[in-house]
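Here the structure comes first, spelled out in structure tokens, and everything after it is commentary.
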Amino acid sequence: MFFNPFKKKKIGLALSGGGARGLAHIGVLKVLHDHRIPIDYIAGTSAGSLIGSLYAGGVNITTMLEIANKVKWKHFFRIVLSKTGLVSSEEIEKFVISLIGKKNFSEMDIPFAAVSVDLQTGEEVVLDKGEVFQAVRASCSFPWMYIPLRINDRFFVDGVLKENLPSKVVRKMGADFVIGVDVIPRVDKVEDFKNVLEIFDRALDLFILNQNQEKKKNCDVLITPIHEGITSLELDKAQYLVELGEQAAKKAIPDIKKALSRD
């Protein structure tokens with residue numbers, strides 16, 4: 001933990017979903033760490049919940065960078081072809097457990113919350129009690145692809161449907177100052193589409209960008225690392241995504257320090 005030189009402001013980090021593009025969060029975390037920006041709270045949705053849980057659970061930056069270079073899709077799903085989805089998200093649980101164990105939220109190094117959605121009611125659900133690995137699995141269970149996660153007769157799916165950039169969530173946790181990281185690409189125009197997955201991916205990105213207009217207002221500083229057409233499935237661009245996160249965070253550091261230094 002770092003000593004906080006920025007008066008007594010509590011700093012919260014809101015990490016968005018975005019599939020493979022969530023690896024850019026690691027680059028942002030590295031720069032914040034290098035500049036000794038202390039993080040007091042973390043809230044994440046989908047991929048943001050996964051990366052956020054690792055950092056909040058005590059995984060150091062060096063290890064996270066190593067993970068980014070080795071991670072494959074097999075770490076995140078297992079094909080089952082159920083009537084409620086194509087793949088099981090059980091592998092996500094195993095991945096989180098392999099790195100931080102079966103920690104409860106109360107055992108995290110940094111207070112953490114994962115955002116999911118109750119599929120039956122459509123309500124946003126902020127998961128901040130119980131087992132972290134299960135909450136991350138719920139937050140990452142994107143419908144039609146992943147089988148919804150059933151917990152006590154409730155069906156949980158990816159928080160992207162309601163709160164992809166959980167800035168309000170981290171502020172409610174106690175943050176006075178919120179740094180948002182939105183890894184959905186800012187692209188004015190996509191020239192062509194190779195397949196139906198790219199079409200779906202672009203349509204979802206447009207939906208999320210519109211949804212996030214309100215959410216970004218709750219951020220004191222918003223970092224947007226991706227300004228080119230990278231899809232949510234491109235894990236093969238892991239190192240590049242981390243670098244994009246680093247570059248965007250470095251540009252934001254002066255604004256962060258200036259804002260934190262104000263009375």
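Criterion: ILVMFWY side-chain heavy atoms under 4.5 Å apart, direct or through other members. Under it, L161 and L206 are not part of a common hydrophobic cluster. In terms of hydrophobic clustering, with Ile, Leu, Val, Met, Phe, Trp and Tyr side chains grouped at heavy-atom distances under 4.5 Å, V132 and L15 are assigned to a common cluster. In terms of hydrophobic clustering, with Ile, Leu, Val, Met, Phe, Trp and Tyr side chains grouped at heavy-atom distances under 4.5 Å, V59 and I61 are assigned to a common cluster. I37 and V178 are assigned to two separate hydrophobic clusters, defined by single-linkage of ILVMFWY side chains at heavy-atom distances under 4.5 Å. Transitive grouping of hydrophobic side chains (ILVMFWY, heavy atoms separated by less than 4.5 Å) brings F112 and L32 into a common cluster.
Listed for the R202 side chain is no donor-acceptor partner under 3.5 Å among the backbone atoms of I199. Judged by distance alone, the side chain of Q247 and the main-chain N or O of L244 form no donor-acceptor pair under 3.5 Å. Between the E107 side chain and the N104 main chain, a donor and an acceptor come within less than 3.5 Å of each other. Within the 3.5 Å criterion, the main-chain N or O of V157 finds a donor-acceptor partner in the side chain of S116. The backbone N or O of I230 lies less than 3.5 Å from no partner atom in the side chain of K237, so there is not a single donor-acceptor pair. Judged purely by atom type and a 3.5 angstrom limit, N164 uses its side chain to pair as donor or acceptor with the backbone of G17. Between the R137 side chain and the L149 main chain, no donor and acceptor come within less than 3.5 Å of each other. Between the side chain of S46 and the backbone N or O of G48 there is no donor-acceptor pair closer than 3.5 Å.
Screening V181, D182, V160, T45 against S16 for a side chain to side chain contact (heavy atoms under 4.5 Å, CB included) leaves a single residue, D182.
With contacts defined as side-chain heavy-atom distances shorter than 4.5 Å, the pair V115/K162 does not qualify. The closest side-chain heavy-atom distance from I26 to I67 is not below 4.5 Å. Side-chain atoms of I42 and I39, non-hydrogen and from C-beta on, do get closer than 4.5 Å to each other. Residues D158 and P143 form a side-chain contact, since some pair of their non-hydrogen atoms from C-beta on lies under 4.5 Å apart. A heavy-atom distance below 4.5 Å is found between the side chains of V126 and E124. Residues F155 and V117 have side chains not in contact (no heavy-atom distance under 4.5 Å, counting atoms from C-beta outward). Between M64 and L29, the closest side-chain pair of non-hydrogen atoms falls below 4.5 Å. Within the 4.5 Å cutoff, the side chain of L260 has no heavy atoms near those of the K257 side chain.
Pairing each heavy atom of G18 with each of V183, the nearest pair is CA-CG2, 4.0 Å. Heavy atoms only, all atoms of each residue included: S167 and C219 are closest at CB-SG, 3.7 Å. For G245 against V28, the heavy-atom pair with the smallest separation is O-CG2, 3.5 Å. Nearest heavy-atom pair across F105 and A135 is CZ-CB, 3.5 Å. Pairing each heavy atom of A47 with each of C140, the nearest pair is N-SG, 4.2 Å. When all heavy atoms are compared, the tightest approach of V242 to L23 is CG2-O, 3.6 Å.
For the atom pair CD1 of I11 and CG of D220, the computed distance is 10.0 Å after rounding to the nearest 0.5 Å. Rounding to the nearest 0.5 Å places CD of E91 at 9.5 Å from OH of Y146. The structure places CD1 of I226 at 5.0 Å from CG of L241, a figure rounded to the nearest 0.5 Å. Between L165 atom CG and I184 atom CD1 the span is 9.5 Å, to the nearest 0.5 Å. Interatomic distance, K10 NZ to Y41 OH, rounded to the nearest 0.5 Å: 5.5 Å. The NZ atom of K258 sits 7.5 Å away from atom CG of D255, with the distance rounded to the nearest 0.5 Å.
Using modelled atom types and a 3.5 Å distance limit, the side chains of S141 and S89 yield a donor-acceptor pair. Side-chain contact of E228 with Y240: a donor-acceptor pair under 3.5 Å is present, judged by distance alone.
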Between Q134 and I97, does the side-chain contact (heavy atoms from CB on, under 4.5 Å) criterion hold? Intermediate values first, please.
CA-CA 10 Å; Q134 190 174 61; I97 291 170; over 6 Å; no

Should F156 and S139 be marked as a side-chain contact (heavy atoms from CB on, under 4.5 Å) after you check the CA-CA gap, both sets of side-chain angles, and the distance that decides it?
CA-CA 8 Å; F156 293 96; S139 183; over 6 Å; no

Checking D40 against I110 for the side-chain contact (heavy atoms from CB on, under 4.5 Å) test, could you report, in this order, the C-alpha distance in whole Å, the side-chain angles of both residues, the deciding distance, and whether it holds?
CA-CA 6 Å; D40 298 291; I110 300 171; 5.9 Å; no

Apply side-chain contact (heavy atoms from CB on, under 4.5 Å) to the pair L127 and V125, showing each step before the final yes or no.
CA-CA 6 Å; L127 301 169; V125 182; 3.7 Å; yes

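Around NZ of K172, the count of heavy atoms belonging to other residues, nucleotides or ligands within 6.0 Å does not exceed 12.
D118 has a carboxylate O that lies under 4.0 Å from a charged side-chain N of R154, or vice versa, which qualifies the two as a salt bridge.
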